[in-house]
Amino acid sequence: MTPEALYVIAGAGVFMTGLAGTLGRAHLFWKVLGVNFMGSGIFLLLLAGAPRIPGEGADPVPQAMVLTGIVVATAATALGLGMALRVAVRSGGPYLSEDMPGARKKRTESVGSRDDHGETPTPGNPS
Amino acid sequence: MTQLVWALDASVAVLLVTLVARAMLTRDLFEASVLFIAFGLTLSLAWVRLGAPDVALAEAALGAGVTGALFLNAFQRLARTQRHGVDEGPGSRPGPLRLLSIGATAVLASALIAIFVGVPVREAILAEAVNENLGRTGVSNPVTGVLLGFRAYDTLFEVCALVVAMVAVWSLDRGSRTFARDPEELREDPVLEALTRLVVPVAGVTAVYLVWSGSHAAGGAFQGAALLAGVGVLLTASGLIRPITSGAPAVRVLGVMGLALFVVVGVAVMPWTGAFLAYPEGQGYPIMILVEGVLTLSIAVILLELFIDVPAAPEADPRLAGVDPTGDPLGRTLTLAGDLIRQTEEDE
Amino acid sequence: MELILSLLSAATGWIALPLLVVLSSFIPGVGIMFLREDQHGLRTALNLAGAVLKVVLVGLMLWGVSLGTQYEWSLEVLPGFELTLVGDSLALLFVTLSAGLWLVTTVYAVGYLEGSPNRTRFFSFFSLCVTATTGLAMAGDLFTFVLFYEALTWTTYPLIVHRGTPEALRAGRTYLAYTLTAGAFLLVGAVGLNALAGSVEFRSGGLLDAELVAGAPGAYTLVFLLLLAGVGVKVAFFPLHGWLPAAMVAPAPVSALLHAVAVVKAGAFGLVRLLHSVFGIELATDLGLAPLVAGLAAVTIVYGSIRALHQDDLKRRLAFSTVSQLSYIALGAALLAPTAHIGGIVHLVHQGIMKITLFFCAGLLAETLHIKNVSEMGGVGRRMPLTMLAFSVAALGMIGLPPMAGFASKWYLGIGALESGAGWAVPVLLVSSMLNAAYFLPILGTAWFHDQNAPWRDVGGSRRLEADWKLLVPALVTAALTLGAGIFAGSPWSPLGWTRLIVEQGVL
Amino acid sequence: MNRIELWSTLLVVAPLVGAMLSLIGGRRSILAGLALGSAGSLTGAGGAWFTVHTDGVVRHLLGGWGRPLGIELYVDGLSVVFLSLTAVIATAVSVYSSVYFGAIAPPGGGDAPGARGARYFAPLSLFLWAALNGVFLSGDLFNLYVMLEIVGLSATALVTLAVTAKATEAGMRYLLVSLSGSMLFLLGVAILYMGHGTLSLEGIAALRPAGPSAAAALAIMTVGLAAKTALFPLHAWLPPAHAAAPAPASAILSALVVKASFYVIVRLWLFVYGLTLPDTGAEQAFLLLGALGAAAIVWGSVLALRQVSLKRLIAYSTVAQLGYLFVMFPLLTRPGQDAPGGAWSLDAWSGGLYHALSHGLAKAAMFLAAGNMTYAVADDAIESISGVARRLPMSLLAFGLAGLSLAGVPPSGGFLAKWLLLGAALERGQWVWVAVIAIGGLLTVAYVLKVARQAFEAPEHSETFRSVPRRMEWTALTLALLAVLLGVRAVEILELLLVGGTGPWS
């Protein structure tokens, strides 16, 4: 098994674990983290899976793509964490309300109500 | 020897998956952040093993460094105010559902591997094309050639993504920005001060070197900028410079300067070459160095902004509490803004 | 004078006149929408200018058609689909009817709505409604027809709910539920026709080729039924008529529009086009579809008349009368004899002028004396003789007494039924005439020969007239038309004369 | 310099420079930035239209490299149509926003949320605009990923410009969906790159991607893009996000942003993979997309009917209307190759994309009109807009016209789109699609009327009406009238859609 193949396997594992974390964890911090891992997994797949010239380093094009991807991921993470913190302030915890137990009753496809949109930004939490 | 190398690769691969799995399973935010940084460092080792030193540098600086710092920062702010440093929500504890999802993940990962194994292997058309045409760009590092030459358009929009993220984070902002320590407090912390005085010059020089070396060896604007941003974080954290706010015109100008220059250069060459971002033959190298230099500065400012603009301990704005809850978001906004403006005027 | 005449005759040669006819009400309609509520003078002026201009333009077209000009204007909307307006004699018959009646109804509406709110909206949609009607009257193909037919639904809706009362809104909902569902059927039918035949053009004698149809009679029958459901709602075929009596809550001018000028006429006209210009009457008869329509029409004629007997609310009685009368048109068009066609098509006009007179009068009674029910009409003939005179002329015409217009229709229908071998239709006509008499004559009797038996809230008109002249004059004009159309039925310029021309020219 | 180089550069650069301009200065530079972006995009779109009309498909070799090494901008009729739609709607929204936010607070208004909208709407929407144009121009897979990321980041930031907890949560959810969708797309890109050695759309198309790995890549990318397009059942994020955003942002999101990922789906399925070709066996997949679209139409319409909040109603309507775009797919291929037009149904293609156009205009008009109404009564509940008919007749007219266009009432773009789609369905004798299209139209009428009826009721407190700036009313009405005008003549646009669009690349 070539080293590239090893890293392809690792990439697939990292991607899928990240996806599972994003979907499975309700905490926004882990959701953002999971998306980051998904990205890293794809970068591994991209670079390890790309065709290469024997004897040379990695294909420079996917290298550039991964570089770009890392930068974009950083940007997205910064925004994601910033938003997650706002949710934590305004909704009283770093969770989306429909992910929380008890919130299921308020279906996602809710009819909506007056206070659905007429909510004041909730004053922070008891700290 | 080869077996030893294979063992190294195998253990890196196993470590990567293990770190991710640990990070996704833990309930402790701090632990997850540290695991993420460890993952990033391991990943940069993998990049080295895959023959991609530029990516390795970027991963260490941006992936593990800046992003890791962002996570730690978020952890700190969540943990400071409430028990959100620990996840108590759904999906955080072991249970049958988790077992199921681990199983599903394993199955899907195998499927993904099968897909990749099933892809017919092609020749490296692009790698060869890059080799053939690299001379025409004026740089000798093929990755830089792709980033600033062949696929400069992507790079331009990558910088654009950073600017957008910066603006987006600014637009989120509400709450205090007290990131810097009290200057008084600083004087009582000789270690940090000494560290700052020692590290800053070294890091600054390294950053410049990284940018310059990008044209022929591993390095480049993003890696250099990440280093510079680190310097900035350290300086702000130690209180040597005041925290920069989005309101400061200088920050805005610095932040968009790189992107603006990139665009201007791309358009300015059009009368000669007819295409966007097509540098005239032989002029590529100086143009790229110029663009890269300015980009480094801008990106450093942006990264710093992304970092320090994550709001400090979220606190309620008392002025919002009394606002009439009926009404559309805009309506609320209107009254609120009016009140604030009136208040400011009265204060003055 | 010479110059004007020569200019006019040159104008008759301009084949884009149909577009101008449509625009003559569209532009005022849109213009009015942007007026302020208090700009009464300008609004009325725009409205009347449009109405008069339309009548003049239609007059030019009539003249042109009699000289043999073929009017056609088209705009390619989709590749292969054009918005086509043609001015053949059949289209002109309907256009003339609606243009003429629109003019009198406008005058009536100006008087009727004086002082009420939201007139800008009302008159705007009033004009747009007539725009849609003239558009569909001159539609050269099914695509254009569908377009204007749907537009008609939507421009009428604000008029029906104009008063904004819960009752009006409910009626509006009923109206939309019926007509929109019908519109969906019509649309699917039209698209289906195009998929089958490759064209949706209206042609004299029918678009469809008998051999082609023989290949897939089932599919064509299905398309016919879809289209029939589409137009059937506006023709108010039993059991699709429910919206029409409900829509009675609308102001009287709107009722006039619904029953005489636009909506139901659009349905009837569409049915004529469907039977004659798309399928062709022979083909439709061979497929057993025209007899189906005739049967439906016969049932509706009797049903509508019987229901009308029991209504005390005057407008509701008139509405059920409309249900019944419309099916005369359908019956005539569906029988396989030119004489029957003449009877059916001419009834399009005759029913229009008679029914609009009746509604004008009903509106006059309601506005002047707040009389809404038949039982309150005792002695009203003495208080409002002119109104009741007009009412009587139209009612007798409806029953089919000579020399009123209705007589000619029924005469031709009866002869046509015998000619086409549909002898069963004659008793239907007779029964229906007796029923007509049974629900109209008591009204006349009450009005002329009984004493006042209910308190009126007399808001009066001017001192000299029994009611506001803007309401009274239109009713008298249409009553006179009813009489004139019957008396001068032999003239080539009467509705009957023109209809005979249509049939003899083979435009059908 | 060929013309397309100029136009395509203008399309991308003008909003980009406008965004930077509006970011660094005060109120005047915000207006200048919006004006620059609008003027540049309109000119660029017009120029590209003309160029494609005369020269056919054109390419812009960025950096002068050409494929496979460099990135190419690929401009055909499909791109031009979407570019023009973007230019028109974003210009109208720019005009609207200059008053909408301008009325609230000057940019220097400090840290207040209202000032944030005034301060950041312009740069964010201009960056979004540049990236949208970038998507519609791109001929490169990885470039598409970068553009889609920028679209996602700026769009979510626009949602959170509204200050409520709901908006923040909605923005967060949208961001996560958007990022995950992008990741899936990127995974597909990785597979395709591995198998084909190039990133150019045309380059990959030339290699006729086939086989299980290429199919898997397409499936993965489609799931990601469908999540971004809010295709049923991945639509749950859309109503809260589009309802919570400030009105001009909602207009852009519903009219344009979801169309960007739809555009990429069309490019991939029909052009890169050439799935309308007879032997690709894509019928089952098309059928699945169509079935999801049909479910979206019914589900979205029914839920729209049940909403009590005006903007949520419109947002659910977006879910429903997006369904029509996917109903296009199963109608694209025709049985029997000897039929005129080959294996490709022109009616379905034209109808689906014409619907995308008319929905864009109508939905933008609707959201702007709804913005006017909620602005006037300071509430978003449908029951509180009573009396709007008298106070804001123009906004109500805009809402009504836009609604009728969505419902497919003639004359409107929606009617022509429906006519074409019905034609394609009936041609194949597929009554299920016919029924869905017809029922969807009737349900649309029902929920539009629900709003209109309330507007005609007498208001409870007439004194609470806030006066709405005229410009906000006019922009909404203009967009609605454009949606209606689309129904008067479609020939030019449909011809344009066929430039480079009559069949897959080979």
Side-chain angles (χ1 to χ4, degrees), chain A residues 3 6-10 12-14 16-18 20-21 24-27 29 33-34 36-37 40 45 47-49 51-53 57-61 63-64 66-68 70-72 74-75 77-79 81-83 85-86 88-89 93-95 99-101 118-121 123-125 127, chain B residues 9-10 13 16-17 20-21 24 29 32 43 46 50-52 54-55 58 62-63 66-67 70 74 77 81-82 84 87 89-91 101 105 108-109 112-113 116 122-124 126-127 130 142-143 146-147 151 154 158 161-162 165 168-169 172 222 306 310-311 314-316 320-321 323 325-326:
Chain A
L6 277 174
Y7 289 114
V8 165
I9 294 172
V14 169
M16 278 303 165
T17 316
R25 297 291 290 260
H27 198 291
F29 185 94
L33 195 63
N36 257 291
F37 284 137
S40 298
L45 290 170
L47 208 54
R52 50 178 65 213
I53 303 172
D59 182 344
V61 175
Q63 280 198 61
V66 171
L67 260 168
T68 306
I70 291 173
V71 175
V72 173
T74 306
T77 307
L79 182 58
L81 288 176
M83 277 195 189
L85 288 171
R86 264 50 165 214
V89 186
Y95 305 96
D99 285 341
M100 297 304 285
E119 220 166 44
T120 7
N125 29 62
S127 84
Chain B
D9 282 328
L16 283 174
V17 179
V20 175
M24 295 314 318
L29 235 142
L43 191 57
L50 283 167
D54 293 88
V55 180
L62 278 164
V66 175
T67 315
L70 285 171
R77 278 156 193 180
T81 52
Q82 47 208 190
H84 291 135
D87 182 10
S101 73
T105 307
L108 286 174
L112 195 55
I113 293 165
F116 267 83
R122 295 244 175 210
E123 282 175 44
L126 272 189
V130 169
V143 178
V146 174
L147 273 178
R151 298 183 69 90
D154 271 351
E158 168 190 358
L162 276 176
V169 169
L172 286 177
F222 294 102
L306 289 180
V310 175
E315 51 206 58
L320 281 174
V323 177
T326 61

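Every chain is numbered from 1, with letters handed out A, B, ... down the list of sequences.
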K.L.:
So how far is it from B/Ile113 CD1 to A/Leu45 CG, rounded to the nearest 0.5 Å?
P.N.:
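If we round to the nearest 0.5 Å, B/Ile113:CD1 and A/Leu45:CG are 8.5 Å apart.
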
K.L.:
Once side-chain contact (heavy atoms from CB on, under 4.5 Å) is applied, do any residues pair with B/Ala109, and if so which ones, sequence neighbours excluded?
P.N.:
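Partners of B/Ala109 under the side-chain contact (heavy atoms from CB on, under 4.5 Å) test: A/Met16.
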
K.L.:
Against chain B, label A/Val61 side chain, backbone, both or neither, depending on which of its atoms sit under 4.5 Å from a heavy atom there.
P.N.:
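Both the backbone and the side chain of A/Val61 come within 4.5 Å of chain B.
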
K.L.:
Quick check for you: among B/Leu50, B/Val17, B/Leu126, which has the greatest number of heavy-atom pairs under 4.5 Å with chain A?
P.N.:
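Of B/Leu50, B/Val17, B/Leu126, B/Leu50 has the most heavy-atom pairs under 4.5 Å with chain A.
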
K.L.:
Could you tell me which portion of B/Leu43 (side chain, backbone, both or neither) has an atom closer than 4.5 angstrom to a non-hydrogen atom of chain A?
P.N.:
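For B/Leu43, the side chain is the part near chain A, not the backbone.
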
K.L.:
OG1 of B/Thr67 to CG of A/Leu81: how many Å apart, nearest 0.5 Å?
P.N.:
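One gets 9.0 Å once the value is rounded to the nearest 0.5 Å.
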
K.L.:
If you compare all heavy atoms of B/Leu306 against all heavy atoms of A/Ala78, which two are closest, and at what distance to 0.1 Å?
P.N.:
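What the structure gives for the nearest pair is CD2-CB, 3.7 Å.
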
K.L.:
Under 4.5 Å from any heavy atom of chain B, what part of A/Phe29 do you find: side chain, backbone, both or neither?
P.N.:
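For A/Phe29, backbone and side chain are both near chain B.
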
K.L.:
Let's test your reading of the structure: which of A/Val72, A/Asn36, A/Thr68, A/Val8 forms the most heavy-atom pairs below 4.5 Å with chain B?
P.N.:
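Most heavy-atom pairs within the cutoff with chain B belong to A/Thr68.
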
K.L.:
Any idea which of A/Val71, A/Leu47, A/Thr74 has the most non-hydrogen atom pairs under 4.5 angstrom with chain B?
P.N.:
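The candidate making the most pairs under 4.5 Å is A/Val71.
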
K.L.:
Sort B/Val143 into side chain, backbone, both or neither according to what part of it lies under 4.5 angstrom from a heavy atom of chain A.
P.N.:
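For B/Val143, the contact with chain A is made by backbone and side chain together.
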
K.L.:
At a heavy-atom separation under 4.5 Å, does A/Leu33 approach chain B through its side chain, its backbone, both, or neither?
P.N.:
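Contact with chain B involves both backbone and side-chain atoms of A/Leu33.
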
K.L.:
Search all heavy atoms of A/Gly21 against all heavy atoms of B/Met24 and return the closest pair with its distance.
P.N.:
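Looks like CA-CE, 3.5 Å.
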
K.L.:
List the residues meeting salt bridge (charged side-chain N to carboxylate O under 4.0 Å, His left out) with B/Asp54, not counting sequence neighbours, and say none if there are none.
P.N.:
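Salt bridge (charged side-chain N to carboxylate O under 4.0 Å, His left out) list for B/Asp54, sorted by chain: empty.
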
K.L.:
Once rounded to the nearest 0.5 Å, what's the spacing between atom CZ of B/Phe222 and atom CG of A/Leu67?
P.N.:
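Result: 7.5 Å between the selected atoms.
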
